[in-house]
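Input: a single structure, listed below in structure tokens.
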Amino acid sequence: MLKRAFFIGLAIFCMAGFLSVQAADKGKTTVDVSKIPPPSDKKDVTYATDIKPIFDKSCVKCHGAEKPKARLRLDSLAATLKGSENGKVLEPGDGAKSLLVQNIAFVGDPDLYMPPPKNKANIGPLTKEQIGLIRAWIDQGAK
């Protein structure tokens, strides 16, 4: 009887784990990385010289030091590399797999597009050149 109860409990535990994984996967959107602009040809892209000016203009209003949305700060290299309350937003060495690039390129989940298409600050989308430069920066190690 005790063995049977153990195996029933084990089966319920395994099913609960399986269902939670299924639920987590259901919320994910498949991303067509071929729709992301290619990385810029520029060499030695750095946060301070090339990326911070883009973030300052288009991102820091919502992702700066004061009340950063999703606890994502893009106003410093260290904060950008740290990520958001949901984890890292970039994958050094692989810009196409980085959530940051996917969101600014408007591929994947429309609820995550940045800047949002309809935002209070009236900030327009980043250009293909800006996205390519950010992608190159990440591909080159995000330094």
Side-chain angles (χ1 to χ4, degrees), residues 3 5-143:
K3 263 186 174 178
F6 172 77
F7 285 112
I8 290 172
L10 183 62
I12 290 170
F13 177 77
C14 290
M15 277 303 281
F18 175 75
L19 292 175
S20 66
V21 167
Q22 290 284 344
D25 286 344
K26 185 177 181 184
K28 292 183 181 176
T29 303
T30 303
V31 176
D32 183 356
V33 295
S34 71
K35 294 185 177 183
I36 299 173
S40 169
D41 291 334
K42 185 173 182 184
K43 302 293 180 213
D44 301 318
V45 181
T46 67
Y47 176 87
T49 304
D50 305 291
I51 305 306
K52 189 171 186 329
I54 297 170
F55 287 172
D56 284 347
K57 182 181 176 196
S58 300
C59 309
V60 170
K61 188 163 186 112
C62 297
H63 296 288
E66 293 181 29
K67 298 183 182 177
K69 292 188 178 183
R71 294 190 186 143
L72 173 63
R73 290 185 53 190
L74 299 173
D75 58 331
S76 74
L77 175 60
T80 302
L81 294 174
K82 181 179 177 185
S84 74
E85 63 189 14
N86 299 315
K88 296 195 179 288
V89 296
L90 60 87
E91 192 70 40
D94 196 346
K97 286 187 181 174
S98 296
L99 188 60
L100 175 69
V101 171
Q102 294 170 4
N103 292 346
I104 64 174
F106 286 26
V107 298
D109 185 349
D111 290 337
L112 300 177
Y113 290 173
M114 290 292 139
K118 296 177 183 174
N119 61 75
K120 293 177 186 175
N122 243 0
I123 299 169
L126 274 65
T127 65
K128 289 180 181 180
E129 292 77 17
Q130 290 172 317
I131 296 167
L133 192 59
I134 293 168
R135 185 173 174 186
W137 168 63
I138 296 170
D139 286 349
Q140 295 172 22
K143 296 181 177 158

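What's counted below: heavy atoms across the whole structure, side chains too, no hydrogens, waters or symmetry copies.
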Rounded to the nearest 0.5 Å, how far does SG of Cys62 lie from CG of Leu74?
10.0 Å

Of all heavy-atom pairs between Asn122 and Asn119, which one has the smallest distance, and what is that distance?
N-OD1, 2.7 Å

Heavy-atom distance under 4.5 Å between the side chains of Tyr113 and Pro125, does that happen here?
no

Smallest separation among heavy atoms of Lys88 and Leu81, with atom names:
NZ-O, 3.4 Å

Under a 3.5 Å distance rule, please check whether His63 uses its side chain to pair with a backbone N or O of Asp75 as donor and acceptor.
no

Given 3.5 Å as the limit, does a donor-acceptor pair link the side chain of Ser98 with the main chain of Leu100, or not?
no

Separation of Ile134 CD1 from Tyr47 OH (nearest 0.5 Å)
10.0 Å

When every non-hydrogen atom of Leu126 is compared with those of Ser58, the smallest separation belongs to CD1-CB, 3.7 Å

If every non-hydrogen atom of Ala96 is compared with every non-hydrogen atom of Ile36, which pair is closest and at what distance?
O-CD1, 3.8 Å

4.5 Å side-chain heavy-atom contact, Pro116 and Met114
yes

Once rounded to the nearest 0.5 Å, what's the spacing between atom CD of Glu85 and atom CG of Leu72?
9.5 Å

Rounding to 0.5 Å, atoms CD (Gln102) and CZ (Arg135) come to a distance of 10.0 Å

Which heavy-atom pair separates Val31 from Val107 by the least distance, and what is that distance?
CG1-CG2, 3.6 Å

Tell me if a side-chain donor or acceptor on Gln140 pairs with a main-chain N or O of Gly93 at a distance below 3.5 Å.
no

Above 12 or not: heavy atoms from other molecules or residues under 6.0 Å from CG of Asp32?
yes

Contact summary for Ser84 and Ala70, nearest pair of heavy atoms:
CB-O, 3.2 Å

Working to the nearest 0.5 Å, report the span between NZ of Lys143 and CH2 of Trp137.
12.0 Å

If I take atom NZ from residue Lys97 and atom CD1 from residue Ile138, how far apart are they, to the nearest 0.5 angstrom?
13.5 Å

